[in-house]
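One structure is given here, and the rest of the page talks about it.
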Protein chains: 2
Amino acid sequence: MAKRAVAADSLSREAVVDRALEIADAEGLEAVTIRRLGVEFGVTPMALYWHVKNKDELLEAMGDRILASITLDDLDASAPWHEQLGAIIHKLVNALRPHPTCTMLAARRIVASEAGIEVSERAFAVLREAGFSVRDTASIATQALQTAMMLITAEPGAEPGVTPEERERRLAEKRRNIERLPADRYPRVREMVDALLDCDDLQEYYDYGIAVFVAGARTLLAAG
Amino acid sequence: MAKRAVAADSLSREAVVDRALEIADAEGLEAVTIRRLGVEFGVTPMALYWHVKNKDELLEAMGDRILASITLDDLDASAPWHEQLGAIIHKLVNALRPHPTCTMLAARRIVASEAGIEVSERAFAVLREAGFSVRDTASIATQALQTAMMLITAEPGAEPGVTPEERERRLAEKRRNIERLPADRYPRVREMVDALLDCDDLQEYYDYGIAVFVAGARTLLAAG
DNA sequence: ACCTGAACACCGTTCAAGT
DNA sequence: ACCTGAACACCGTTCAAGT
């Protein structure tokens, strides 16, 4: 018999982090446990400790892995600074979208991991060369990167780490709750219900969100 | 002997949520457990289940409590819409700041709890009357409220739910990590180190962050 | 170098029973 | 109405031991 497919995910740090991300994507971050990973790899829980120091380190590695998927070399360094800033935020958004339940893990590693520092350096450079002070660059850059995270977690109708049926159930419940509200006290919330629970064009949602932030940064620079 | 002070925090849903918030503020959200609360009140863990359905419901109640601390009646309805929007974000920021480890709990309840809906309604009304479409109002408003949350979690030098000594230790470690970076590859990150790890004026930090967002919203409205 | 067995100190939660 | 006792099915983690 030839080498089994299983051999491909034999135990290794790489494979553990991969599997942990898959579990988080499918069932949510709370489904990621050392013991569960043991079962997945057909191994006792303690075997995992050979490959990761402890669970915290595993979570850090998951965040690092997401940030490491970002490539920056195709950024256009000759574009206007605000376009470059928008492009960086877009990169981050695209890296995070496949792993919405792990947004916080990536956020915590943005000035800690190698890949995160790379992104930060780029954002800082763009803003400094645009003319922002050190202090304002720090503010705008962290806010920019966190805006990417925020757009993911606030995505309308997203119920990450949950089966499609469960997602439908939760959205229907939210809708019922909103529609139960008295129309005289909460006319606007009721008017918003569709826009809040469902998004027909996610690309537009992200573009708009990023545009708001970038426009704000431009105004503040102009205002000095 | 008169009534003991202890009587004030005899077991009740109110008292449980209060104590849970105090524990989270002092030691982080992961220190909040049913069993720990049992110890705090001198009672078996199971006693808690009379007052809250389960731990999830407790976490929801904590988020609701934070949002409920916001008062909206002193908002100036005659001010320009962008000032009103900024004021709402400020209200949210001020409500969250005492409980930085619980930001996510409040975020999850913003369109679920009574108090959260109240804030949302106000934000929606301001934006609709300013002339934003339903879709754009939904985008801007959620982004506005999430921006408040984001500013809290991204606060420079904040290490919430940790003793002052532990905070110093962590910040020193972050500083060492950044200063170890090669100066030729990461000049900007190294230049930023003080601004990233420490903030001499938090009020300015929040004002600036909110100003960026509000300015962006104004530009997008003008651009149609 | 890599994994297991046994054990420890934790979790949240149910359910029948007490007062 | 409010709380306890006993029990269950989970966690993460250590450490000595196996191959």
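Each chain gets a letter, A, B and so on, in the order its sequence line appears, and its residues count up from 1. The structure presented is a predicted model; accordingly, all values stated were derived computationally and were not measured.
The phosphate of dC3(D) has neither OP1 nor OP2 within less than 4.0 Å of any side-chain N or O from Thr44(B). In this model, the phosphate group of dC3(D) is approached by a side-chain N or O of His51(B) to a distance below 4.0 Å at OP1 or OP2.
Checking Arg109(B), Arg13(B), Arg108(B) one by one against Asp64(B), the salt bridge (Lys or Arg N to Asp or Glu O under 4.0 Å) holds for a single residue, Arg109(B).
Of the nucleotides present, none pairs with dA9(D) by Watson-Crick or G-U wobble criteria with both distances under 3.5 Å. Judged by Watson-Crick or G-U wobble contacts below 3.5 Å, the nucleotide dT4(C) has dA16(D) as its partner.
Rounded to whole Å, the distance from CZ on Arg35(A) to C1' on dG12(C) is 15 Å. Atom pair Asn54(A):CG and dA9(C):P shows a separation of 20 Å (rounding to whole Å applied). Rounded to whole angstrom, the span from the CG atom of Leu37(A) across to the C1' atom of dC3(C) amounts to 16 Å. Rounded to a whole Å, the CG atom of Leu58(B) is 14 Å from the P atom of dC11(C). Following rounding to the nearest Å, Lys55(B) (NZ) and dC10(C) (P) show an atom-to-atom distance of 15 Å. In this structure, Tyr49(B) atom OH and dC3(D) atom P are separated by 15 Å, rounded to whole Å. Distance, Arg36(B) CZ to dC10(C) C1': 14 Å, rounded to whole Å. Distance Ile34(B) CD1 to dC8(D) P: 21 Å, rounded to the nearest Å.
Looking only at atom types and distance, the side chain of Gln143(B) has no donor-acceptor partner in the side chain of Tyr208(A) under 3.5 Å away. Judged by distance alone, the side chains of Glu118(A) and Tyr186(B) do bring a donor and an acceptor atom under 3.5 Å apart. For the residue pair Arg180(A) and Asn177(A), a side-chain donor N or O sits within less than 3.5 Å of a side-chain acceptor on the partner.
Once rounded to the nearest 0.5 Å, the distance linking CG of Leu196(A) with CZ of Arg175(A) reads 9.5 Å.
In this structure, the nucleotide among dT4(D), dC11(D), dC3(C) sitting nearest to the side chain of Thr33(A) is dC11(D). For Met46(A), taking side-chain heavy atoms from C-beta onward, the closest of the listed nucleotides dC11(D), dT4(C), dC2(C) is dT4(C).
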